[in-house]
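Some notes on the structure that comes next.
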Amino acid sequence: MSDRHSLRLEANQQKQGKVSWLSPSNLAIVKYWGKHGRQLPRNASISFTLDKAHSKTSIAYQIKSDSTDSDIKVKFRFHKEENEAFANRIKKFFASIKDLFPFIDQLEFTIDSENTFPHSSGIASSASGMSVLALGLCDIEQQLFGTLSDDSDFYTKASHVARLGSGSACRSVYPYMASWGVHPDITDSSDEHATVFQEELHDVFKSFHDDILIVSASEKSVSSTAGHALMEGNPYAAARYQQAQDRMHDLIIALKEGDLQSFGKIAEDEALTLHALMMCSDPSYMLVEPNTIAIINELRAYRHETNHPVYFSLDAGPNIHLLYPDHIKDEVVKFRDERLMPLTTGVCIEDQVGTGPKKLS
Ligand code: DP6
């Protein structure tokens, strides 16, 4: 285990190497909204791990020639173009996790990253982007010190590190579904890292669809980090955190039983609660657009007409996540293309629940 090891390089150690990983984004059904301390959540949350929306990142490293140089050295290319703003963000992140990877200032890094979802589609990239970096760093630790050969240790540390980069990213390192935050119904749940929710998950959810309908691709006016901070002064905060814990309890039952109606009700209530919390923050703000609401109304009308179990969720933005089981795919795609797509920018990412990160050779 890492804690019996100094995780500092010695003169005769391997001097260079490269790791490459793919890691997906995720969609929370019960949302994380409000945090404290060192990126600790105010309530438990649970998400679908996505498939198509992912980041691929390779990290090449070599030992610094000057062993007295303690600066963090990172070069970062996004889609092959050097990006200094991202490089600076990563340097700050790396400096903040030196306690977990003491060798970080002995190396210099060249990072190449790309996202498969369209750039500027309005899809948050922090979950895939931060989880892929965390996986890469754990892989480097394993290459250099052999301290993470146990899979459970590897993914627990990757999740912990990803959380420090962006809270929701900690859930992306596991297949199908992952929860984060202490909850009495989840064995070994923790505020420090996510826990996989796979064995008890009903099969219907393992092939669930999540079509991301892009209503607006513009940058958010208020970041998630600022949104979390506003929860500290929100008069409804305490009630909200209790509600999330209660909804986790109900959702876990629905996920085990394959109860689509209860699942859908909680997913939609959570999405609307998240945006309601933004509207009653001080200062108040809105991230939904008129067409977000038009799509929700159209979707609810369709459900009323057909009784099909198709539901929506929202992230911290105006785009709709259309959630439905695989067995009604053909009908839903027809409805989506005829009645929902005209209310979007014309972009839809046809995603679904995925099997988690992958090491690339
Ligand atoms: C609405 O994880 O992006 O997507 O921890 O500040 O990086 P930071 O915030 P972030 O917040 C995501 C909030 C959410 C809900 C969720 O994913 O649980």
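Because the structure is predicted, anything quoted here is derived from the model rather than measured. We count residues from 1, following the sequence as given. Order of appearance sets the numbers: ligands from 1, and atoms from 1 within every ligand.
A donor-acceptor pair is defined here as one N or O able to donate and one able to accept, closer than 3.5 Å; no such pair exists between the side chain of E82 and the backbone of R77.
R171 counts as a contact of ligand 1, since one of its heavy atoms falls under 4.0 Å from the ligand. Residue contact annotation: K35 has a non-hydrogen atom under 4.0 Å from ligand 1.
A salt bridge does not link E108 to K64: none of the charged nitrogens lies less than 4.0 Å from a carboxylate oxygen. Salt-bridge formation is not detected for the pair K31/E270: no Lys NZ or Arg NE/NH1/NH2 atom is positioned less than 4.0 Å from an Asp or Glu carboxylate oxygen. In this structure, R38 pairs ionically with D99, as a charged nitrogen and a carboxylate oxygen lie closer than 4.0 Å. A salt bridge links R336 with E350: at least one charged nitrogen is closer than 4.0 Å to a carboxylate oxygen.
Atoms of ligand 1 lying under 4.0 Å from any heavy atom of G167, numbered from 1 in the order shown and given with element: 2 (O), 5 (O), 7 (O), 8 (P). Each of the following atoms of ligand 1 lies closer than 4.0 Å to a heavy atom of S126: 3 (O). Which parts of ligand 1 touch Q39 is read off a 4.0 Å heavy-atom cut-off, strictly below it: atoms 5 (O). Interface of D315 with ligand 1, defined as ligand atoms under 4.0 Å from a residue heavy atom, comprises 4 (O). The ligand atoms of ligand 1 that sit less than 4.0 angstrom from a heavy atom of L274 are 1 (C). Applying the 4.0 Å criterion to heavy atoms of A28 picks out, from ligand 1, the atoms 16 (C), 17 (O), 18 (O).
Sequence neighbours left out, the pairs with a member in residues 23-43 that pass ring pair (Phe, Tyr, Trp, His ring centres under 6.0 Å) are Y32-W180, Y32-H228, W33-H228.
Not one N or O of S45 is nearer than 3.5 Å to an N or O of ligand 1, by distance alone. Considering backbone and side-chain atoms alike, T225 places an N or O below 3.5 Å from some N or O of ligand 1. The distance criterion of under 3.5 Å between nitrogen or oxygen atoms is not met by W33 with respect to ligand 1.
In this structure, K157 forms a cation-pi arrangement with F101, its terminal cationic atom sitting closer than 6.0 Å to the ring centre and no more than 45° off the ring axis.
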Residues 84-94, side-chain donor-acceptor partners within the protein, below 3.5 Å, at least two apart:
residue	atom	partner	partner atom	Å
N88	ND2	E84	O	3.3

